[in-house]
Amino acid sequence: MNILIVNAHSSRNKGDAGIILSMIDSLRKNIPNCNIKIKSRFPEIDTNAYDVSVAPCVANVSIDPKESKFLKLLSAIKLLTLLRGNTINIPESEDYEWADVVVSCGGGFLLSHGFSTALLQHLVQIKVALDYKKPVIIYSQSIGPFYSRFMRKISKLILDKVTKIYIREEISQQWLERIGCQNKEIALVPDSAFCLEMEPSSRVDFLFESIKQQHDGPYIGMTVRDWNFPEVDNKAYYRKKYINSIRAAIQFIEEKYYGKVLLMPQVLGPNPFNDDRIISREILDGLPNTNAELIDYDLHPRELKYFYSKMDMFVGTRMHSNIFSLSSKVPTVAINYEHKTKGIMDLLDLSEFVLDINEITEESIIKTIVKCWDNRYELQTHLTEKIPLVVEAAEIPAKFISSLRSEEKAWVVANKCDHKC
């Protein structure tokens with residue numbers, strides 16, 4: 001079976017890379033000897049990230065925020081033309097003809113806060129598959145919000161036609177209803193990254209042992225990210241409040257628990273806004289007497305999950321850092337910047353350990369950390385019982401894709417019989 005995975009983002013985002021790797025793990029487990037190719041927005045970065053073929057996505061456009069408005073307009077016109085026309089035999093589309101099934105990879109990219117060239121590009125990747133009349137599977141995605149009427153309409157037109165939509169949380173179902181999506185093949189499953197196998201790493205072992213020689217106390221892993229607070233007006237105020245809350249949490253952990261916070265970047269690019277190391281350093285620069293430390297290493301997602309598993313507790317803004325830690329049975333406080341994080345925590349019956357990034361305060365994050373720490377042993381037991389069930393459910397999309405192979409074989413046999421008759 002030939003499987004084409006589209007809408008892959010940069011592997012410098014270890015969460016997105018973890019999604020792709022977990023999908024490959026699940027597909028190979030359920031469909032032995034399947035052939036997999038990936039269409040990426042950043043093929044030059046992703047070529048060596050996976051052990052499968054990586055090629056450029058169709059109509060790849062720049063996401064450089066410094067690009068001129070004129071060039072952005074040309075890109076949008078190009079994508080809209082493809083969405084309205086026939087995409088058969090356009091450049092970079094030959095892999096669609098090769099594929100037996102096209103899979104839009106897991107993630108949270110089908111959304112728009114206004115007119116969105118990025119969303120148009122993601123939809124084009126699906127539109128090409130539809131034009132080639134291939135089965136299209138939306139693989140455990142967060143969908144929405146859609147604050148633009150135009151973007152709602154064009155998303156509905158595409159999503160109505162796909163074979164199956166797997167969503168990661170109930171609020172995505174609500175957004176599908178709000179845009180008027182009429183596709184009846186919608187199912188709720190956990191994020192695919194719960195299936196990611198960790199990889200023991202001598203590099204991580206050496207790094208952690210060297211840190212432990214300097215500190216004898218608990219270790220709390222933490223991810224932070226820069227955020228533009230699209231739903232509020234006073235963006236600078238909310239960003240400062242978030243940063244001050246993180247600093248207060250670090251100080252509290254050090255003073256109350258004699259803990260050491262390890263800032264563990266989950267995303268290293270592809271641009272400065274999405275490089276967690278930059279805001280991590282900004283936070284540490286405001287804490288001159290801290291023993292917190294930035295782990296400035298480019299770790300593979302499997303290594304990163306292994307590192308997270310060594311933590312006594314985790315505080316994560318990056319959603320997939322929370323998934324990596326939770327699936328390693330590490331008690332976790334999650335900071336929600338899009339509805340996907342809250343949905344994941346609700347799935348695990350851990351909604352009391354979620355903080356909204358717009359509402360976070362120094363008091364609220366400390367209160368939640370205390371609750372998590374005080375209940376850490378009970379939480380470990382809860383996760384030990386819950387995670388195996390979540391991992392099994394996260395493989396449902398791969399099992400469905402496997403069933404398509406059986407249907408394809410039945411179709412071929414039936415047509416051969418008809419021909420002979």
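These numbers were taken from a predicted model, which means no experiment stands behind them.
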**Residues Asp46 and Ser11: side-chain donor-acceptor under 3.5 angstrom** = yes
**Message:** Tell me whether the count of non-hydrogen atoms from other residues, nucleotides or ligands lying under 6.0 Å of CG in Asp233 goes above 12.
**Reply:** no
**Heavy-atom check, side chain of His300 versus side chain of Leu21, under 4.5 Å** = yes
**Message:** Determine whether a donor-acceptor pair (N or O, by modelled atom type, separation under 3.5 Å) exists between the side chain of Gln125 and the backbone of Gln121.
**Reply:** yes
**Phe307 and Phe324, any side-chain heavy atoms less than 4.5 Å apart** = no
**Request:** Check whether any side-chain heavy atom of Asn228 sits under 4.5 Å from a side-chain heavy atom of Phe273, and report yes or no.
**Result:** yes
**Complete:** On a heavy-atom basis, the closest approach of Gln182 and Asp160 is N-OD1, 2.6 Å
**Asked** Does NZ or CZ of Lys164 come closer than 6.0 Å to the centre of the six-membered ring of Phe400, within 45° of the ring's axis?
**Response** yes
**Fill in**
Those residues at least two apart in sequence (or on a different chain) that pass ring-ring contact (aromatic ring centres under 6.0 Å, His included) with Tyr219 are Phe208, His215
**Message:** Counting neighbours of NZ on Lys153 that are heavy atoms of other residues, nucleotides or ligands and sit closer than 6.0 Å, is the number greater than 12?
**Reply:** no
**Residue of the set Glu395, Glu197, Glu392 for which salt bridge (charged side-chain N to carboxylate O under 4.0 Å, His left out) holds with Lys29** = Glu395
**Asked** Are more than 12 heavy atoms from other residues, nucleotides or ligands located less than 6.0 Å from atom CD of Glu97?
**Response** no
**Message:** Which residues pass the ring-ring contact (aromatic ring centres under 6.0 Å, His included) test with Tyr237, not counting sequence neighbours?
**Reply:** none
**Complete:** Looking only at heavy atoms, the pair that brings Met23 and Ser192 closest together is CG-OG, 3.9 Å
**Asked** Hey, does Ser104 have a side-chain heavy atom less than 4.5 Å from the side chain of Tyr139?
**Response** no
**Prompt:** Mind checking whether Leu326 and Val390 have side chains closer than 4.5 Å, heavy atoms only?
**Reply:** no
**Asked** Between Asp131 and Thr87, is any side-chain donor less than 3.5 angstrom from a side-chain acceptor?
**Response** yes
**Message:** Tell me whether Glu170 at atom CD has more than 12 heavy atoms from other residues, nucleotides or ligands lying less than 6.0 Å away.
**Reply:** no
**Request:** Could you tell me whether the side chains of Ser140 and Arg168 share a donor-acceptor contact shorter than 3.5 Å?
**Result:** no
**Asked** Would you say the side chains of Asn13 and His320 form a donor-acceptor pair under 3.5 Å?
**Response** no
**Asked** Do you know the tightest heavy-atom contact between Ser40 and Asn60?
**Response** O-ND2, 4.1 Å
**Item:** Exceeds 12 heavy-atom contacts within 6.0 angstrom, atom CG of Asn48
**Value:** no
**Request:** May I ask you to check whether Phe42 and His9 place their ring centers less than 6.0 Å from one another?
**Result:** yes
**Asked** Got Tyr337 and Thr317 here, is their nearest side-chain heavy-atom distance under 4.5 Å?
**Response** yes
**Request:** Taking atom types as modelled, find out whether Ser328 and Lys305 have a side-chain donor-acceptor pair closer than 3.5 angstrom.
**Result:** no
**Asked** Are Lys14 and Asp298 ion-paired here, with the side-chain N under 4.0 Å from a carboxylate O?
**Response** yes
**Complete:** Correct closest heavy-atom pair for Ala394 and Pro190 would be N-CD, 3.7 Å
**Message:** I need the minimum non-hydrogen distance between Gly316 and Ser321, along with the two atoms involved.
**Reply:** CA-OG, 4.0 Å
**Message:** Quick test of your reading of the model: are Glu254 and Lys260 salt-bridged, counting only N-O distances below 4.0 Å?
**Reply:** no
**Whether over 12 other heavy atoms sit under 6.0 Å from Arg203 CZ** = yes
Show me the donor-acceptor pairs within less than 3.5 Å that the side chains of residues 274-283 make with the rest of the protein, sequence neighbours left out.
residue	atom	partner	partner atom	Å
Asn274	OD1	Arg225	NH2	3.4
Asn274	ND2	Asn271	OD1	3.0
Asp275	OD1	Arg277	N	3.0
Asp275	OD1	Arg277	NE	2.9
Asp275	OD2	Arg277	NE	3.4
Asp275	OD2	Arg277	NH2	2.9
Asp276	OD1	Arg318	NE	3.2
Asp276	OD1	Arg318	NH2	2.8
Asp276	OD2	Gln266	N	3.2
Asp276	OD2	Val267	N	3.0
Asp276	OD2	Arg318	NE	3.1
Arg277	NH1	Asp296	OD1	3.4
Ser280	OG	Asp276	O	2.7
Arg281	NH2	Asp296	OD2	2.8
Glu282	OE1	Arg239	NH2	2.8
Glu282	OE2	Arg239	NH1	3.1

**Prompt:** Are any non-hydrogen side-chain atoms of Arg376 and Asp312 less than 4.5 angstrom apart?
**Reply:** no
**Request:** Inspect the surroundings of OH in Tyr297 and state if more than 12 heavy atoms from other residues, nucleotides or ligands are less than 6.0 Å away.
**Result:** no
**Asked** Looking at residues at least two apart in the chain, or sitting in another chain, which of them share a ring-ring contact (aromatic ring centres under 6.0 Å, His included) with Tyr257?
**Response** Phe252, Trp373
**Prompt:** Phe146 vs Trp175 aromatic rings, parallel, tilted or perpendicular, using cut-offs 30° and 60°?
**Reply:** perpendicular
**Complete:** In terms of heavy-atom contacts, Ser112 and Met151 come closest through OG-CB, 3.3 Å
**Asked** Considering residues at least two apart in sequence or located in another chain, which fulfil the side chain to side chain donor-acceptor pair (under 3.5 Å) criterion with Asn375?
**Response** none
**Prompt:** With no hydrogens and no angle check, do the side chains of Ser142 and Ser172 hold a donor and an acceptor under 3.5 Å apart?
**Reply:** no
**Message:** Is it the case that atom NZ in Lys161 sees more than 12 heavy atoms from other parts of the structure closer than 6.0 Å?
**Reply:** no
Name each donor-acceptor pair under 3.5 Å that joins a side chain in residues 344-354 to protein atoms two or more places apart or in another chain, with its distance.
residue	atom	partner	partner atom	Å
Asp346	OD2	Lys342	NZ	2.9
Asp349	OD2	Lys386	NZ	3.1
Glu352	OE1	Lys371	NZ	2.6

**Asked** Just by distance, do the side chain of Lys134 and the backbone of Ala99 share a donor-acceptor pair under 3.5 Å?
**Response** yes
**Steps toward side chain to side chain donor-acceptor pair (under 3.5 Å) verdict (Glu378, Thr381)** = CA-CA 5 Å; Glu378 292 85 350; Thr381 300; over 6 Å; no
